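First comes the structure, then the notes that go with it.
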Amino acid sequence: LSNGLMLGSLLCALLVGFVVGIPSLHNTAATFFVLWLMVKQIEVDWGPASLVVIFANCVALFFLAHYLHTHPDILPSLVDPAGIYVGT
C-alpha cells in the first residue's frame, strides 16, 4: 500500500509539474522517483546476478552524470522558487 501511494504521489507531482509548468516540482519529483527506484532494487535478492546489477547501476550513473553535465539548468531548478507563487 505504501509503495502504491509513493508511486502515485510521484506520478502526480510529475504530471502537475509538467502540465502547470513548474520545473522545480517536475525535477524534484523525477529525482525522488529515481531514488525510490534505487531503494526498490536493493530490496530484491538478485543472487548471483548482483554483479550485473551493480555494473548496470554504474553504467546508468555514468549516463545520468553525462546528462546532468550537458543540461546544467536542471540542478538549480530543484531549488528555484520560480513558479511556486502562482498568484504573482
Side-chain angles (χ1 to χ4, degrees):
L1 179 66
S2 63
N3 285 330
L5 289 174
M6 180 67 175
L7 182 61
S9 66
L10 287 173
L11 292 177
C12 285
L14 280 169
L15 180 68
V16 169
F18 182 72
V19 171
V20 179
I22 306 173
S24 57
L25 179 63
H26 183 267
N27 292 335
T28 303
T31 301
F32 278 98
F33 182 71
V34 170
L35 291 173
W36 181 74
L37 284 178
M38 291 175 71
V39 168
K40 293 296 124 190
Q41 77 175 0
I42 291 174
E43 295 175 359
V44 175
D45 182 25
W46 295 101
S50 61
L51 289 177
V52 175
V53 173
I54 292 172
F55 177 73
N57 282 327
C58 291
V59 170
L61 286 175
F62 170 77
F63 283 112
L64 178 66
H66 177 68
Y67 179 77
L68 290 175
H69 179 73
T70 57
H71 297 87
D73 56 325
I74 290 178
L75 291 178
S77 72
L78 292 175
V79 294
D80 184 22
I84 293 177
Y85 305 106
V86 179
T88 58

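Note that this is a predicted model, so its numbers are computed, not measured.
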Does V53 sit in a hydrophobic cluster with other residues, and if so which ones, taking ILVMFWY side chains as linked at heavy-atom separations under 4.5 Å, directly or through other members? V44, W46

Members sharing V59's hydrophobic cluster (side chains within less than 4.5 Å): F55, F62, F63

Side-chain donor-acceptor distances from residues 66-73 under 3.5 Å, at least two apart:
from	atom 1	to	atom 2	distance (Å)
T70	OG1	H66	O	3.1
T70	OG1	Y67	O	3.1
H71	ND1	Y67	O	3.1

Which pairs count as side chain to side chain donor-acceptor pair (under 3.5 Å) when at least one residue sits in residues 5-15, sequence neighbours excluded?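 Passing the test, one end in residues 5-15: no pairs.
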
For residues 30-39, dump all side-chain donor-acceptor pairs below 3.5 Å to protein atoms at least two apart in sequence or in another chain.
from	atom 1	to	atom 2	distance (Å)
T31	OG1	N27	O	2.8

Show your working on side chain to side chain contact (heavy atoms under 4.5 Å, CB included) between L14 and L11 and close with a plain yes or no. CA-CA 5 Å; L14 280 169; L11 292 177; 4.3 Å; yes

Quick one: SG on C12 to CG on L25, what's the gap to the nearest 0.5 Å?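 That separation rounds to 10.5 Å.
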
Would you compute the distance between atom CG of L10 and atom CG of L15 and round it to the nearest 0.5 angstrom? 12.5 Å

Contacts of type side-chain contact (heavy atoms from CB on, under 4.5 Å), residue L61, not counting sequence neighbours: L64

